[in-house]
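Have a look at the structure below, then the notes.
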Amino acid sequence: MKINLSLAAGATALGLAATPVWAIDVGPADYTIVPSGTTVGMVYYQHLSSETFRLGDTEVPGSEFDANVAILRGLQYSEIAGLPAVWHLVMPFADISTADLGGLSQATSSGLGDTTVGLTLWPVQPSNPDTGTTFGVSLFATAPTGSYDPSRLGIGEGTWTLTPQVGIIQGLGNGFFFDGALDVAFQADHTEAGVDYGRKPSWQGQAMLRKQWGPSSITIGYSGQRGGAQEVNGVETGVKTHRDQIRLYGTHWLNQTTQLQGMYAKDIDVEGGFEYDSVVQLRIVKVF
């Protein structure tokens with residue numbers, strides 16, 4: 001799972017801050033139950049690239065976006081009321097190198113993004129993971145720790161977001177697994193310099209088919225987002241989170257405590273934001 005800046009980055013000439021970090025992505029096997037007492041550290045690197053910005057369903061010519069993102073993530077597995085549980089901490093950092101809209105270079109903010117904390121519980125646990133069902137329920141809270149300025153394109157949202165999520169792993173036999181998740185993000189309205197900013201709830205559905213060969217796996221996945229329309233003083237700006245994206249993952253455990261994962265993603269349909277030609281991600285996992 002990652003906090004995915006690639007899902008909805010975008011700003012308009014109206015001066016909206018817009019690299020939302022409240023989208024909660026799920027990667028292959030992220031909802032796997034891990035023994036209590038285990039600590040996991042992760043480091044992500046993403047490169048985002050786009051040459052298309054859509055305001056509503058209208059393309060704005062002369063638009064371009066490039067950014068490099070680092071994400072630090074920590075997991076602590078435990079038990080709560082007899083159920084397996086995990087605590088999450090996610091901190092993103094971004095450097096936006098290019099942000100052009102309509103041929104005009106946009107002012108940007110880089111650095112620390114909005115920090116997310118969360119908790120997952122598993123009410124359904126499989127007796128046989130190869131063919132059984134794993135079902136988890138999560139709640140994430142994203143705090144406005146990132147740099148925020150309504151006149152700049154940046155990594156901070158300037159307000160709190162609450163995101164409940166459910167996730168499932170279904171073993172299909174013969175090394176095949178289905179991974180899926182569904183969440184909805186509720187963002188609090190906020191006022192800056194007498195201007196009211198708001199965003200309607202945003203839904204995200206994710207589905208993946210994974211093939212496992214011993215310590216390695218290949219996964220093809222899809223993410224779809226809807227909703228999330230931005231408003232300024234009650235008027236919609238045309239920026240929203242209508243996005244369809246396909247993804248390809250390759251994962252390999254180097255040993256029992258170290259994992260490497262690569263991902264390539266591409267948007268196939270976007271309304272109200274940058275359409276990403278490519279999202280490249282590398283992830284290192286260390287189990288303690």
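Grouped by direct or indirect side-chain proximity (heavy atoms under 4.5 Å, Ile/Leu/Val/Met/Phe/Trp/Tyr only), Leu121 sits with Ile80, Trp87, Leu119. Applying the 4.5 Å side-chain rule to ILVMFWY residues, one finds that Leu282 remains a lone member of its cluster. Other cluster members for Tyr45: none, since no ILVMFWY side-chain heavy atom sits under 4.5 Å from it. Here Tyr222 sits alone; no ILVMFWY side chain lies under 4.5 Å from its own, so it joins no hydrophobic cluster.
Here salt bridge (Lys or Arg N to Asp or Glu O under 4.0 Å) pairs that include residues 83-100, with residues two or more places apart or in two chains, number zero. Among pairs with a residue in residues 206-222, those fulfilling salt bridge (Lys or Arg N to Asp or Glu O under 4.0 Å) read Asp179-Arg210, at least two apart in sequence or across chains. A ring pair (Phe, Tyr, Trp, His ring centres under 6.0 Å) check over residues 172-195, counting only residues at least two apart or in different chains, returns the pairs Tyr148-His190, His190-Tyr197. For the salt bridge (Lys or Arg N to Asp or Glu O under 4.0 Å) condition, the pairs that include at least one residue of residues 272-281, sequence neighbours left out, are Arg54-Glu275.
With no hydrogens or angles considered, no side-chain donor-acceptor pair links Glu236 and Gln230 at under 3.5 Å. Judged by distance alone, the side chains of Gln204 and Ser223 do bring a donor and an acceptor atom under 3.5 Å apart. Between the side chains of Thr98 and Glu64, no donor-acceptor pair is found at a separation under 3.5 Å. No hydrogens or angles considered: nothing links the side chains of Thr142 and Asp114 as a donor-acceptor pair under 3.5 Å. The closest side-chain donor-acceptor pair between Thr120 and His88 falls under 3.5 angstrom. Checked by atom type, the side-chain pair Arg247/Tyr264 shows no donor-acceptor distance below 3.5 Å. Lys266 and Ser278 share no side-chain donor-acceptor pair at under 3.5 Å.
Nearest approach of Val270 to Phe274, heavy atoms of both residues: CG1-O, 3.9 Å. Taking every heavy atom of both residues into account, Thr108 and Arg152 meet most closely at O-NH1, 2.7 Å. Counting all heavy atoms, side chain and backbone alike, Ala188 lies closest to Thr159 at O-OG1, 3.0 Å. Contact between Gln245 and Val279 at its shortest, heavy atoms only, is NE2-CG2, 4.1 Å. Contact record, Ser138 with Tyr31: OG-OH, 2.7 Å, taken as the closest heavy-atom pair. Across all their heavy atoms, Ser63 and Gly102 have their closest contact at OG-N, 3.2 Å.
Annotation: the span from Ile155 atom CD1 to Ser110 atom OG amounts to 8.0 Å, rounded to 0.5 Å. Here the OG-CH2 distance, from Ser216 to Trp253, works out to 11.5 Å after rounding to the nearest 0.5 Å. For the atom pair CD of Glu51 and OH of Tyr276, the computed distance is 12.5 Å after rounding to the nearest 0.5 Å. Annotation: the span from Asn68 atom CG to Ile96 atom CD1 amounts to 10.5 Å, rounded to 0.5 Å. Taken from OG1 in Thr257 to NZ in Lys286, the straight-line distance is 3.0 Å, to the nearest 0.5 Å. Atom CD of residue Gln106 and atom CG of residue Leu153 lie 7.5 Å apart, to the nearest 0.5 angstrom.
Using a distance-only test at 3.5 Å, with no hydrogens or angles considered, no donor-acceptor pair links the side chain of Gln256 to the main chain of Thr258. Using a distance-only test at 3.5 Å, with no hydrogens or angles considered, no donor-acceptor pair links the side chain of Asp66 to the main chain of Ser50. Side-chain N or O atoms of Arg283 include none that pairs as donor or acceptor with a backbone N or O of Tyr44 at under 3.5 Å. Checking side-chain atoms of Gln206 against main-chain N and O of Asp25 turns up no donor-acceptor pair under 3.5 Å. Side chain of Glu79 to backbone of Pro35: no donor-acceptor contact under 3.5 angstrom is found. Judged by distance alone, with hydrogens and angles left aside, the side-chain atoms of Ser202 form no donor-acceptor pair with the main-chain N or O of Thr241 at under 3.5 Å.
For His242, the ring pair (Phe, Tyr, Trp, His ring centres under 6.0 Å) criterion is met by no residue, not counting sequence neighbours. Under the side chain to side chain contact (heavy atoms under 4.5 Å, CB included) criterion, Ala143 pairs with Thr145, Trp160, not counting sequence neighbours. Taking Ser36 as the reference, nothing meets the side-chain hydrogen bond (donor to acceptor under 3.5 Å, both in side chains) condition, with sequence neighbours excluded.
Side-chain contact between Gln259 and Pro215 is absent, with no heavy atoms from C-beta onward closer than 4.5 Å. At least one side-chain heavy atom of Phe135 sits under 4.5 Å from a side-chain heavy atom of Val166. Counting only heavy atoms from C-beta outward, the side chains of Glu59 and Thr52 approach each other to under 4.5 Å. The shortest side-chain heavy-atom distance between Val69 and Leu48 falls under the 4.5 Å cut-off. Using a 4.5 Å heavy-atom threshold, the side chains of Leu248 and Thr219 count as separate. Side-chain contact check for Gln76 versus Thr38: every heavy-atom pair is 4.5 Å or farther apart.
By the neighbour-count criterion of 12 heavy atoms within 6.0 Å, atom CD1 of Ile284 is sparsely surrounded, having that number or fewer from other residues, nucleotides or ligands. More than 12 heavy-atom neighbours from other residues, nucleotides or ligands sit within 6.0 angstrom of CG on Leu89. The environment of CG in Asn255 is crowded: more than 12 heavy-atom neighbours from other residues, nucleotides or ligands sit within 6.0 Å.
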Let me check something: any side-chain donor-acceptor pairs from residues 123-132 under 3.5 Å, sequence neighbours excluded? List them with distances.
| from | atom 1 | to | atom 2 | distance (Å) |
| --- | --- | --- | --- | --- |
| Gln125 | NE2 | Trp122 | O | 3.3 |
| Asn128 | OD1 | Asp130 | N | 3.2 |
| Asn128 | ND2 | Thr131 | OG1 | 3.4 |

Discussion item. With side chain to side chain donor-acceptor pair (under 3.5 Å) as the criterion, how do Thr191 and Asp196 come out once you've worked through the C-alpha distance, each side chain's angles and the decisive distance to 0.1 Å?
Written reply: CA-CA 4 Å; Thr191 301; Asp196 296 328; 2.7 Å; yes
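Comment: Arg243 engages Asp267 in a salt bridge, judged by a side-chain N to carboxylate O separation of less than 4.0 angstrom.
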